[in-house]
Amino acid sequence: MKSIFCVIGLLLSATVLSSCSVFGDEPYPRAEQNFFFSARPSFICDPECGWEMEAEVVAKADSSYGFGEGLTRFVALDLPDHALHLVNVGVSAAELPLDVGQRYRFEADAIFYGLVFPNPTALRVSDDEGLAFYGVSVAALPGTDDSGTGLDEVLLLPDGWGLRFEDTGREAEVGCGTATAYRAIVEHDGSRIRLLQGERGTLGGYDVEVRVSSRMVYDGSCIDGYSHEFSMVIARRAS
């Protein structure tokens with residue numbers, strides 16, 4: 001893991017799969033906005049960057065305007081020599097289980113491929129009780145693609161959690177190719193939950209939301225239609 005001075009300065013684009021036609025009898029599951037966040041002050045990813053730290057949350061606020069509506073506008077972290085803001089975090093402040101005045105361990109990783117391609121990113125937050133929050137978006141569905149981009153290097157999958165996929169055989173034509181829906185099987189402490197993109201459920205003391213889970217095959221008709229193939233958020237439930 002590289003030092004804090006390689007902190008992420010990315011704002012990842014939203015992923016929306018709009019079906020032109022669907023193959024099969026069942027409707028294609030709708031993707032939700034992929035998880036993303038950025039940091040201020042920002043640092044350069046060349047192309048990979050990551051950081052880990054312990055810090056106290058000194059402020060947390062909802063966003064209520066423009067692009068950021070429904071997101072956490074910022075989380076301010078108190079560091080010895082400066083404050084770090086996580087901004088436009090891809091969940092609402094109510095869904096982000098971080099308490100002001102409490103200390104947490106933050107771990108993040110990202111790869112910057114450029115403005116056209118989906119940039120993998122992951123954020124994991126924990127405390128003495130264990131995992132508090134985890135958000136991830138990757139360019140290629142893990143285990144279903146041999147390109148090697150966006151896979152384990154940024155997953156930061158929490159200890160005690162497992163993740164695998166099964167092909168549903170459900171396909172849809174999208175703007176720049178064909179999408180195949182994959183069901184994510186999320187495992188924790190001997191239990192599991194099976195979710196399509198756009199679905200959420202509970203697993204132990206956590207809410208799990210699979211936002212995107214589709215294998216993409218592009219037809220070359222456009223150069224800016226690439227999207228994340230997998231995105232997920234795990235948040236600890238209030239006790």
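All values derive from a computational prediction rather than experimental measurement.
Taking the charged nitrogens against the carboxylate oxygens, K60 and E95 have no contact shorter than 4.0 Å, which rules out a salt bridge. Ion pair R211/E209 flagged as a salt bridge, since at least one NZ, NE, NH1 or NH2 atom sits closer than 4.0 Å to an Asp/Glu carboxylate oxygen. Salt-bridge check for R164 with E187: passed, with a basic side-chain N closer than 4.0 Å to an acidic carboxylate O.
The backbone N or O of A181 lies less than 3.5 Å from a partner atom in the side chain of T168, making a donor-acceptor pair.
In this model, a donor atom of one side chain and an acceptor atom of the other lie less than 3.5 Å apart for Q197 and S214.
Residues F36 and S137 are not in side-chain contact: their nearest non-hydrogen atoms beyond the backbone lie 4.5 Å or more apart. A 4.5 Å side-chain heavy-atom check between E199 and V210 finds every atom pair outside the cut-off. Proximity of D167 to T180: side-chain heavy atoms (C-beta onward) are separated by under 4.5 Å at one or more points. By the 4.5 Å heavy-atom criterion applied to side chains, R215 and T178 are not counted as neighbours.
Remark: F133 engages F35 in a ring-ring contact (aromatic ring centres under 6.0 Å, His included) (not counting sequence neighbours).
Linking Ile, Leu, Val, Met, Phe, Trp and Tyr residues whenever their side-chain heavy atoms come within less than 4.5 Å leaves L77 and V58 in two separate clusters.
Applying the salt bridge (Lys or Arg N to Asp or Glu O under 4.0 Å) test to every pair with at least one member in residues 131-140, sequence neighbours left out, gives no pairs at all.
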